[in-house]
Protein chains: 2
Amino acid sequence: MFSKTCEYAIRAILFIAHKSENGDKIGIKDIAKGIDSPEYFVAKILQNLGKQGLVQSQKGPSGGFYLDDSCRKHSLADIVKAVDGQKIFSGCGLGLKQCSETRPCPIHHEYKEIKKRLIAMLENAKVGTFSEELEKNLIFLKRK
Amino acid sequence: MFSKTCEYAIRAILFIAHKSENGDKIGIKDIAKGIDSPEYFVAKILQNLGKQGLVQSQKGPSGGFYLDDSCRKHSLADIVKAVDGQKIFSGCGLGLKQCSETRPCPIHHEYKEIKKRLIAMLENAKVGTFSEELEKNLIFLKRK
DNA sequence: AAAATAAAAGATATTTTTGTCTTTTATTAA
DNA sequence: TTAATAAAAGACAAAAATATCTTTTATTTT
Ligand code: FES
Ligand code: FES
């Protein structure tokens, strides 16, 4: 559904949101370990998300990544759009050049409803709202 | 959602289902044109689907691709599984190594429901049931 | 001010996906 | 039975996604 890049992006942001809740900054190595992902690769991803204002960072000793309050209000949809673009929001499920109500593909009508739910889920899920569940180990960002 | 390969596969099969309803066989060039896809690439895809018994073909003059009755009963889910594997059926939406009810990722519970609907859609959609709508131009397999 | 730290930036490498071309094999029609 | 046809098979190419490494810049601590 999402690109690998996007999966890492979401998991990294949620990890940072959790770990930086108290004001701490969190380094790239910890992030990579915390979400079981290739360090240099998520570094690139976060660098890009930083430019788009979806994550904060600071260089130098005691530096690292963190989220300010406005970032915590962003939704997963914002991250997905920033990384994977509009495709899953407005694209055709069978890959036609555009999704169209008047010239629908065979799965259009059903897919439209599914897409609607998916989008609703992504827009309702705010980055800042997962910390408590992460803390209590009710949800997880990696397997091992 | 699906790989490009899978999108072409579904569109090609539905095109063949439609065009071969009357017993005709349909050549790869017509298929490629009919679904606006790269000819050699769909040829490879169909070759693979043929090995898996999801499409019939015949070599030589007046040969081409077609579907027998049992193939028309296959669902889109069968095609997706044959091409993209189990990932969208049982994988984790955030890319964790396995989806797990007891160690869920942050989107697990909502995603589970969405996935359920998606799977239901793919399993209910039988290859043979789209011909009439295609014939009447109520649904489409390409844009231009 | 100097040394240490950590992200940013940029270059490079690998793998996977997507796409193309050529040769071979099977089949049919003339 | 020969020539033409069309898919199968295999080799090759290009592009995109994923991953890694090195150098630079900013910042902090000593
Ligand atoms: S036209 Fe394919 S999903 Fe709308
Ligand atoms: S654990 Fe991620 S979708 Fe189930």
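Proteins come first, then strands; the chains are lettered A, B, ... in the order of their sequence lines, and each starts at number 1.
Rounded to whole Å, the distance from NZ on A:Lys51 to P on C:dA7 is 15 Å. Distance, B:Asn48 CG to C:dT17 P: 13 Å, rounded to whole Å. Residue B:Gln47 contributes atom CD, which lies 14 Å from atom C1' of C:dT20 at whole-angstrom precision. If you take OH of B:Tyr8 and C1' of C:dT20, they are 13 Å apart, rounded to a whole angstrom. Put simply, CD on B:Gln56 is 17 Å from C1' on D:dA6, counting in whole angstrom units. The distance between atom NZ of B:Lys4 and atom C1' of D:dA16, rounded to the nearest whole Å, is 13 Å. Rounded to an integer number of Å, the gap from B:Gln52 CD to D:dA8 P is 14 Å. Rounded to whole Å, atom P of D:dA17 lies 10 Å from atom CZ of A:Phe41.
By the 4.0 Å N-to-carboxylate-O rule, B:Glu101 lies close enough to B:Lys112 to be salt-bridged with it.
Contacts between residues 9-40 of chain B and DNA chain C, counted as heavy-atom distances below 4.0 Å, involve B:Pro38, B:Tyr40.
Looking at B:Leu122 and B:Phe2, their side chains come closer than 4.5 Å, going by heavy atoms from C-beta outward. Looking at B:Met1 and B:Leu118, their side chains come closer than 4.5 Å, going by heavy atoms from C-beta outward. Here the side chains of A:Ile16 and A:Val127 are not in contact, with every heavy-atom distance at 4.5 Å or above.
Environment of CD in A:Glu132: sparse, with no more than 12 heavy atoms of neighbouring residues, nucleotides or ligands closer than 6.0 Å. For B:Lys115, the NZ atom counts as densely surrounded, since its 6.0 Å shell holds more than 12 non-hydrogen atoms of other residues, nucleotides or ligands.
Linking Ile, Leu, Val, Met, Phe, Trp and Tyr whenever their side-chain heavy atoms come within less than 4.5 Å leaves A:Ile10 and A:Tyr66 in two separate clusters.
Shown here for A:Ser20 and A:Arg72, the closest heavy-atom pair between the two residues is OG-NH2, 3.0 Å.
Of the side-chain N and O atoms in B:Ser3, none sit less than 4.0 angstrom from OP1 or OP2 of C:dT17. Under 4.0 angstrom from either OP1 or OP2 of D:dA8 there lies at least one side-chain N or O belonging to B:Ser57.
Judged by distance alone with a 3.5 Å cut-off, a donor-acceptor contact links the side chain of A:Lys44 to the base of C:dG10.
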Close N or O pairs between protein and nucleotides 27-30 of chain D (under 3.5 Å):
from   : atom 1 : to      : atom 2 : distance (Å)
D:dT28 : OP1    : A:Gln58 : NE2    : 3.1

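Figure legend: A:Lys4 and A:Tyr8 shown as a cation-pi pair, the cationic atom lying under 6.0 angstrom from the six-membered ring centre and within 45 degrees of its axis.
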